[in-house]
Amino acid sequence: MSEQITAVEKNGWINRALNTIEVVGNKLPDPAVLFALLMVIVWVLSWLLSGVSFDELNPRTGEAIQIVNLLSGDALTTFSSNIVNTFVTFPPLGVVLVAMLGLGVAEYTGFINAGLRSILSVTPRMLLTPVLIAVGILSHVAVDAGYVLVVPLGAVIFYAAGRHPLAGIAAAFAGVSGGFSATFFVPSSLDPLLAGLTQASAQILDPTVTVNPLNNYFFTTASTFLIVAIGWFLTDKVIEPRLKGTKVDGDTSQMVTMEALKPNELRGLKAAAISMLAVIGLLALSIVLPENTPWAAKPEDVLPGVNPLLTAAAPLMKSIVTIIFVFFLVPGIVYGYVSGSVKSHRDIVAGMSHAMSGMGYYIVMAFFCALFLYAFSQSNLGVLMALKGANALKEMGLPLGMTLVGIVLLSGFVNLVVGSASAKWALIGAIMVPMLMELGISPDLTQAAYRVGDSSTNIITPLLPYFPLIVVFCQKYVKNSGIGTLVALMLPFSVMMLVLWTAFLLGFWALNIPLGIDSSYQYLPVR
């Protein structure tokens, strides 16, 4: 107890600052209304700036940036006619709902409850935080699965262990989103995606340049240990002591409690584990046995040196959400029937319905978030801000080390207004990569600097498509949680990652530690 009080006193000024951010943030309108208001602001700004001429050239088209007036008749009718499609094709919506159907059954039948109690009974309390963050980083292999799987389970695991569930959400979110560019030994689909854009940008200056998809692999793998260390320290020493006075006032009737497993639960858990292994085995056989497995991407969609199963175009990667659905649905059903918590198929459907009933608020927020992001994208305001920032950095003429820091900060700032990692890099990479090549800095190093800045601010931008979902997860445990609550939780992670991860990159550079496979730090300009 005295250690906790000392920690709170030592971090008093931090707590006061974060409390202020939380209070101010939560006084903002409801997130759904906030997205609607932001959309109106974008409309007005697009109207005001539509007649202004800008010198910045869009690297995708080679033409000068032109802000699109979203209040014109054509734009309004296009927006109106696309509302339904914009909403139903909003990427996180389908991912969340389909995954939650399977998770809902597993939770409703008691499989998740029993499984977590079994795991927690043999896991040291002090290792929960680093293990959770590491699992969040590992989830990048499954694209966006961590948002709908690891983050909510982080809250459940912490609550079951007698710790604050919001601290579990913060730790998991830090691993899944803050450590987005870290790789836990296994490359993610982001690696070939960014490398392809880096190569295209480099070839603007030198058509002979090729970029290996694993050009940052050593750096991103080493970064995993840094992210885990940062997340472990902040969660246990800053976030959790600060949450000590925050009451958990959500519905705790369905939450995991640490009780010994009953005989029927043990039988159900064993049967469910066998069924889960069977699902994994069947999937593995379908990947390994066929000579040309249908799970692999077609040769023309794969960059040289990339595993055709791990590229974003691979059916395996595109089926991750379906795999999660089946992975939890099957053992959930088996557990229910064997343990006796399920009597008929109607209970299975009831589990799915129960899961969907808790998604109502998220669906409302997703509707307005989708419309805002669509309007912001169509207006070209985000593109303009990104290009102006990149050009300003170019004109400063800073020393090489400071320039790298500038790229990190620029990437972090642009991330607050442009959500997609690939879209941001397509814009600013086309300027920064050739510019730094002229200064002798390799495309590999420039890309690494971008990844640091992009990941570090993922966790504090409401424009992250999954941000509203994380707010909903918080509200399940603390009803008055809002955007301010989540930003205050994650801001310490974001700041410390920006500082220490940037220093980590500069350390790699200073010591000439290889960034990845076929990578370099220097580039000799073409003369």
Gly453 backbone acceptor or donor facing Ser456 side chain under 3.5 Å:
no
Heavy atoms, side chains only, cut-off 4.5 Å: are Leu101 and Leu329 in contact?
no
Output for pair (Tyr335 OH, Met276 CE), nearest 0.5 Å, gives 12.5 Å
With a 4.5 Å limit on heavy-atom distance, are the side chains of Met497 and Phe504 in contact?
no
Determine whether Thr109 and Val105 satisfy the following criterion, side-chain contact (heavy atoms from CB on, under 4.5 Å), listing intermediate values before the conclusion.
CA-CA 6 Å; Thr109 62; Val105 171; 4.2 Å; yes
Would you check if there is a donor-acceptor pair between the side chains of Tyr147 and Ser177 at a distance under 3.5 Å?
yes
How close do Ala271 and Val338 get, counting heavy atoms only, and between which atoms?
CB-CG2, 3.7 Å
What is the distance from atom CE of Met356 to atom CE of Met352, rounded to the nearest 0.5 Å?
9.0 Å
For Ser455, which of Ser223, Ser494, Ser181 qualifies under side-chain hydrogen bond (donor to acceptor under 3.5 Å, both in side chains)?
Ser181
As an exercise, state the distance from CD1 of Ile470 to CZ of Phe173, rounded to the nearest 0.5 Å.
5.0 Å
Looking at side-chain heavy atoms only, is the closest gap between Phe219 and Val452 below 4.5 Å?
yes
Over 60° means perpendicular and under 30° means parallel, so classify the ring planes of Phe87 and Phe367, tilted if in between.
perpendicular
Shortest non-hydrogen contact from His164 to Val478?
CE1-CG2, 4.0 Å
In short, Gly154 meets Ala172 closest at the heavy-atom pair CA-CB, 4.4 Å
Tell me the closest heavy-atom pair linking Ala195 and Asn215, and the distance in Å.
CB-OD1, 4.4 Å
A side-chain contact here means heavy atoms from C-beta on lying under 4.5 Å apart; do Leu166 and Ile169 qualify?
yes
Walk me through it: do Leu132 and Phe158 pass the test side-chain contact (heavy atoms from CB on, under 4.5 Å)?
CA-CA 10 Å; Leu132 177 60; Phe158 267 52; 3.7 Å; yes
Hey, could you give me the CD1/OG1 distance between Ile133 and Thr235, rounded to the nearest 0.5 Å?
4.5 Å
Could you give me the CA-CA distance, side-chain angles and deciding distance for Thr86 and Phe79, then say whether side-chain contact (heavy atoms from CB on, under 4.5 Å) is met?
CA-CA 9 Å; Thr86 300; Phe79 178 83; over 6 Å; no
With a 4.5 Å cut-off on side-chain heavy atoms, are Tyr477 and Val156 touching?
yes
What's the spacing between Asp454 CG and Phe180 CZ if we round to 0.5 Å?
7.5 Å
Taking C-beta and beyond as the side chain, do Ile459 and Leu489 meet within less than 4.5 Å on heavy atoms?
no
What is the distance from atom OH of Tyr337 to atom CD1 of Ile348, rounded to the nearest 0.5 Å?
5.5 Å
Heavy-atom closest pair, residues Ala182 and Thr224
CB-OG1, 3.8 Å
Minimal heavy-atom distance between Pro315 and Ser319, with the atoms involved, is O-OG, 2.7 Å
Mind checking whether Leu269 and Phe111 have side chains closer than 4.5 Å, heavy atoms only?
yes
Under the side-chain contact (heavy atoms from CB on, under 4.5 Å) criterion, do Ile517 and Phe218 qualify, and how do the steps go?
CA-CA 8 Å; Ile517 298 173; Phe218 300 148; 4.1 Å; yes
Does the Lys479 side chain pair with the main chain of Lys476, one donor and one acceptor, at a distance under 3.5 Å?
no
Pairwise side-chain contact, Asp236 with Arg163, heavy-atom cut-off 4.5 Å (strictly under)
yes
